[in-house]
> 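Before anything else, here's the structure in question.
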Amino acid sequence: MALTPVPVARKALLDSIPGPTAAETLPLAQCAWRVLAGEVKALRTQPPFANSAMDGYAVRGDEMAEGVSLTVIGESAAGRAFDGPVGPGQAVRIFTGAPMPEGADTILMQEDADGVGSPVIRVRVPPAKGKFLRAAGLDFHEGDVLLPAGRVLDSAALGLAAAMGHPTLPIRRKPRVAILATGDELVAPGEPVGRDQIVASNSFSLAALVEKAGGTVIDLGIARDDHADLASKIARASDADADVLITLGGASVGAHDLVQEALTRAGMALGFWKIAMRPGKPMMTGRLGRMVVVGLPGNPVSSIVCGHLFALPLIEALLGIADADRDRSIPAILGRDMPGNDEREDYLRSELTLTPEGWVATPFDRQDSSMLGTLARAQALTIRPAHAAPAKKGEACRILPLR
């Protein structure tokens, strides 16, 4: 079977989803970092009235000239507007955000007036007409579409939604991602470890990636290399109405690699298998009913690299984020010479150094896909395209940040 290039595989995976998750309506206070299921229009105009951008005096712009004296007839503060017009030769003491009184169209900053706090002030530095005045609707008007569907509600977007007058918002349900580790050699952290066993770590790494991307995790534990146990846990994922099932290990062709066969028996339609990448070649995908299946390699580094390249975009696509298949890499400079490459794209764990010329990425000497310690120290993956020619230190490259 020919190896599938990473971009082709990722697009095929995202194209295989049945659609974004359903919408739900949540109180604004529960919407931070969630994804909008529909566009959001302003329910009000902001600001709803003309107001001052400075502390000072509301005045008539046509009267402004150096040395002009003005009688102060009142005060306008936020939440306490001056009730009445400003006539010729008059001014109203005003504070930032306070409503502009009728008849005034300009703000005289208090720093530009003599006699601040007195009944009569004198213009020392005359402002231009309309200066420091915020017009009604300066920010937005009722009915304006300000937040599109698919927008992640970060702090700015959430604040905007509140200012628009929305107590609730339409939000995409978090994708439910079932994670199943497989293998007789695995034990959970804290359990006794036999001489031929290792502690399972991949589930925790993938769960962190899933939650960071906006999904919720269903932990199916560890399945033994046994068809009955695998079938039981695969059924649990379907019963839990998981949107995605991620299996860890057992996707290759060895005598004890039973995952693909177990999934096929359960009714999975295989999408693709074996990717032109290193680490992560044995990855597979498929569909089991509406559930998307992603079979990741058992090697810890391989599973995490594949998680960054495939699981994160998959969850974003399920959330309705339009650019889920975007290129997440950024430019950098090689910090060491690199040999030529074969038909597989390499993702090399690297440390980063920021220089005046930009980020310098230096791949570690050892890149074995079992070495989690190296991955934990890495700040990025340096991408070496398939069939890349040898490269010298200082040449341009692309990296995938890990932090």
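The residues of the chain are indexed from 1 along the displayed sequence.
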> Taking I315 as the fixed residue, which of T216, V244, V210, I321 is the one that meets the side-chain contact (heavy atoms from CB on, under 4.5 Å) rule?
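Filter result, single survivor: V210.
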
> Identify each donor-acceptor pair in which a side-chain atom of residues 144-151 lies under 3.5 Å from a protein atom, sequence neighbours left out, and give them as a table.
residue, atom, partner, partner atom, Å
D144, OD2, H141, N, 2.8
R151, NH2, D154, OD1, 3.2
R151, NH2, D154, OD2, 3.2

> In terms of side-chain geometry, is the basic nitrogen of D62 or K129 positioned less than 4.0 Å from the acidic oxygen of its partner?
yes

> Are the side chain of R287 and the backbone N or O of S16 linked by a donor-acceptor pair below 3.5 Å?
yes

> What are the two closest heavy atoms between I222 and A200, and how far apart are they?
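I222 and A200 have their closest heavy atoms at CD1-CB, 4.0 Å.
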
> Can you tell me if R326 has over 12 outside heavy atoms packed within less than 6.0 Å of its CZ?
yes

> Can you see which heavy atom on A237 is nearest to which on L245, and at what distance?
CB-CD1, 4.1 Å

> Tell me, with the steps shown, if E316 and R328 meet salt bridge (charged side-chain N to carboxylate O under 4.0 Å, His left out).
CA-CA 13 Å; E316 288 190 359; R328 298 161 197 261; 3.0 Å; yes

> Would you say D239 has more than 12 foreign heavy atoms packed within less than 6.0 Å of its CG?
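For D239, atom CG is crowded (more than 12 foreign heavy atoms under 6.0 Å).
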
> For D229 and R224, run salt bridge (charged side-chain N to carboxylate O under 4.0 Å, His left out): C-alpha distance rounded to whole Å, both residues' side-chain angles, the deciding distance at 0.1 Å, then the answer.
CA-CA 6 Å; D229 194 19; R224 298 304 163 195; 5.4 Å; no

> So, D342 and R278, do they make that salt bridge, N to O below 4.0 Å?
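The answer is yes: the pair qualifies as a salt bridge.
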
> For E75, enumerate each residue passing the salt bridge (Lys or Arg N to Asp or Glu O under 4.0 Å) test, keeping only those at least two apart in sequence or located in another chain.
none

> Regarding K174 and E211, does a basic nitrogen lie under 4.0 Å from an acidic carboxylate oxygen?
no

> Please determine whether a side-chain nitrogen of the Lys or Arg among D337 and K393 lies less than 4.0 Å from a carboxylate oxygen of the Asp or Glu.
no

> Determine whether the side chains of R173 and T21 contain a donor N or O and an acceptor N or O closer than 3.5 Å.
no

> Is a donor on one side and an acceptor on the other found under 3.5 Å between the side chain of E395 and the backbone of K392?
yes

> Would you say NZ of K131 has more than 12 non-hydrogen atoms from neighbouring residues, nucleotides or ligands within 6.0 angstrom?
no

> For residues T285 and V292, determine if any side-chain heavy atom of one lies less than 4.5 Å from a side-chain heavy atom of the other.
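Sidechains of V292 and T285: no contact.
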
> Which side-chain N or O atoms in residues 88-101 pair as donor and acceptor under 3.5 Å with protein atoms at least two apart or in another chain?
residue, atom, partner, partner atom, Å
Q90, OE1, G87, N, 2.6
R93, NH1, G56, O, 3.2
R93, NH1, Q110, OE1, 3.1
R93, NH2, Q110, OE1, 2.9
T96, OG1, D55, N, 3.3
T96, OG1, D55, OD1, 3.0

> Regarding R384 and the six-membered ring of Y347, is the cationic atom NZ or CZ under 6.0 Å from the ring centre and inside 45° of its axis?
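No; the conditions do not both hold, so R384 does not lie above the ring face of Y347.
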
